[in-house]
Amino acid sequence: MVSGKNLDPASSPSAFYGAEVRRLREEKGLSQSALGELVFCSGAYLGQIEVAVRKPQADLSARLDAVLETGGHFTRLYPMVARTRHAAHFARAAELEAQATTISQYAPTLVTGLLQTADYARAVVRAAKPFASAEAVDEAVAARLERARVLAKSAAPLLWVILHETVVRMPVGGRRVMADQLRHLTALAGAGKLLLQVLPFSAGAHAMTEGSLFLMTFAEAPPVAYVEGPYSGQLLDDPAIVARCQRSYDLARAVALSPAASLSLIESAAEEYAHE
């Protein structure tokens, strides 16, 4: 399972919560199993909380406070752990994204969320949630844009993105929105924020034909892969599976256009959207 034990507790509420459970448990001289008996859960579940694989519940936080005599420490921490601006299936991946040293993505139909402009993101969210309130749409867009802050960090991750040509040719939000989005991509690439490739229609079937892929590596933790479908996603950390995902990504990268040719295609498409 994906562990938070090697990730920075300062930027991960789940990792901080887990580290505090372990610290206070050990101060009391309790094993995970012993503490589990006292708070009415399994030691294995507590172990998963300690390494940020599982999130605690509110009632468990209260029981931990009582048994470990924390004065309400875990009850106060719980809202930060439970709160997320992202879809539940993506929340853990978003947390890891902020701590990655490298990010590699393949996007088959849409510009990846990390690189979306506000108008493009709004069009995507509105299409997926046609009955959502304006406030809910604004919140979803804000959460998506907030992810881009990782690119402004002094130690920003090395970002490599492969877009299928479908992404470039599908006018999400209309022609003006699409022109602005494509120009945003070229600006980021020109500023050295990412290496961008387009996988052209002419490539035909390829190693990533069956779906999207999101790969992350870390300075002091094993790499992970994230795959996503409608209203669902899965974070993978089995070394063999992650290695297979990396090979598929490498094969797709091999048949994609070069970065220079990709930028030329995107720039040309942006001009077409702007002037037609």
Side-chain angles (χ1 to χ4, degrees), residues 86-87 89-90 93-94 96-97 100 102-125 127-128 140-141 143-148 150-151 157-173 177-189 193-217 223-236 242 245-259 261-267 269-270 273:
H86 304 286
H89 62 267
F90 183 68
L96 292 173
E97 178 182 67
T102 71
I103 297 174
S104 303
Q105 292 182 291
Y106 169 69
T109 56
L110 296 170
V111 172
T112 179
L114 188 62
L115 303 176
Q116 291 178 5
T117 64
D119 288 341
Y120 186 98
R122 188 174 303 280
V124 171
V125 172
V141 171
R144 195 161 297 188
L145 297 181
E146 185 178 22
R147 291 171 55 197
V150 70
L151 301 179
L158 299 177
L159 178 60
W160 194 318
V161 176
I162 303 172
L163 303 177
H164 194 274
E165 190 173 350
T166 299
V167 178
V168 179
R169 302 302 182 189
M170 185 166 61
V172 173
V177 169
M178 199 64 199
D180 290 344
Q181 174 64 76
L182 295 182
R183 287 168 176 163
H184 179 62
L185 294 177
T186 59
L188 288 173
K193 298 294 185 181
L194 79 153
L195 191 60
L196 184 63
Q197 286 183 271
V198 173
L199 204 160
F201 291 129
S202 60
H206 54 85
M208 288 303 304
T209 298
E210 295 183 348
S212 62
L213 181 62
F214 189 166
L215 297 161
M216 291 179 278
T217 66
V224 300
Y226 176 76
V227 293
E228 190 172 59
Y231 310 108
S232 64
Q234 186 175 9
L235 201 58
L236 309 168
V242 174
C245 289
Q246 182 65 62
R247 284 195 296 272
S248 293
Y249 188 84
D250 291 342
L251 288 170
R253 182 165 55 188
V255 298
L257 299 177
S258 70
S262 297
L263 286 180
S264 293
L265 185 152
I266 292 173
E267 290 168 351
Y273 282 123

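These numbers come from the heavy atoms of this one structure, side chains and all, not from hydrogens, waters or symmetry mates. Keep in mind that this is a model prediction, so the values were computed, not measured.
- Met170 CE to Met178 CE: the interatomic distance, rounded to the nearest 0.5 Å, is 7.5 Å.
- The two residues Pro108 and Gly211 make their nearest non-hydrogen contact at CG-C, 4.3 Å.
- In this view, Ala123 and Val172 satisfy the side chain to side chain contact (heavy atoms under 4.5 Å, CB included) rule, not counting sequence neighbours.
- Annotation: salt bridge (charged side-chain N to carboxylate O under 4.0 Å, His left out) contacts involving residues 160-171, sequence neighbours excluded, comprise Glu165-Arg169, Arg169-Glu272.
- Qualifying ring-ring contact (aromatic ring centres under 6.0 Å, His included) partners for His206, counting only residues two or more places apart in sequence or in other chains: Tyr106, His164.
- In this structure Gln246 satisfies the side chain to side chain donor-acceptor pair (under 3.5 Å) test together with Asp250, sequence neighbours excluded.
- Remark: Thr209 engages no residue in a side chain to side chain donor-acceptor pair (under 3.5 Å) (not counting sequence neighbours).
- Here the CG atom belonging to Leu114 is positioned 4.5 Å from the CG atom belonging to Leu151, to the nearest 0.5 angstrom.
- Distance check, rounded to the nearest 0.5 Å: CD1 of Ile162 to OG of Ser104 gives 8.0 Å.
- In this structure Phe214 satisfies the ring-ring contact (aromatic ring centres under 6.0 Å, His included) test with no other residue, sequence neighbours excluded.
- Closest heavy-atom contact between Val150 and Glu97: CG2-O, 3.9 Å.
- Considering CG of Leu188 and CZ of Arg183, their distance stands at 14.5 Å, rounded to 0.5 Å.
- In this structure, OG1 on Thr112 lies 8.5 Å from CD1 on Ile103, to the nearest 0.5 angstrom.
- Considering every non-hydrogen atom in both Pro157 and Ala100, the closest pair reads CB-O, 3.4 Å.
- Within the structure, the salt bridge (charged side-chain N to carboxylate O under 4.0 Å, His left out) test picks out no pair touching residues 203-213 (sequence neighbours left out).
- With sequence neighbours excluded, the residues satisfying side chain to side chain donor-acceptor pair (under 3.5 Å) with Tyr226 are Glu228.
- Taking Thr186 as the reference, nothing meets the side chain to side chain donor-acceptor pair (under 3.5 Å) condition, with sequence neighbours excluded.
- Taking each heavy atom of Cys245 and Leu215 in turn, the nearest pair found is CB-CD2, 3.9 Å.
- Between atom CG of residue Leu115 and atom NE2 of residue His184 there is a gap of 6.0 Å, rounded to the nearest 0.5 Å.
- Residues Gln105 and Leu159 have side chains in contact (heavy-atom distance under 4.5 Å, counting atoms from C-beta outward).
- Between Thr166 and Thr109, the shortest heavy-atom contact is CG2-CA, 4.4 Å.
- The shortest side-chain heavy-atom distance between Leu199 and Leu257 does not fall under the 4.5 Å cut-off.
- Of the possible donor and acceptor atoms, none in the side chain of Gln234 sits under 3.5 Å from a partner among the backbone N and O of Val227.
- For the side chain to side chain contact (heavy atoms under 4.5 Å, CB included) test, residues two or more places apart in sequence or in another chain that qualify with Leu158 are Thr102.
- Annotation: side chain to side chain contact (heavy atoms under 4.5 Å, CB included) contacts of Val168 (sequence neighbours excluded): Leu182, Val198, Leu265, Ile266, Ala269.
- In terms of heavy-atom proximity, Gln197 sits nearest to Trp160 at OE1-NE1, 2.9 Å.
- For Ala107, the side chain to side chain contact (heavy atoms under 4.5 Å, CB included) test picks out Leu163, with sequence neighbours left out.
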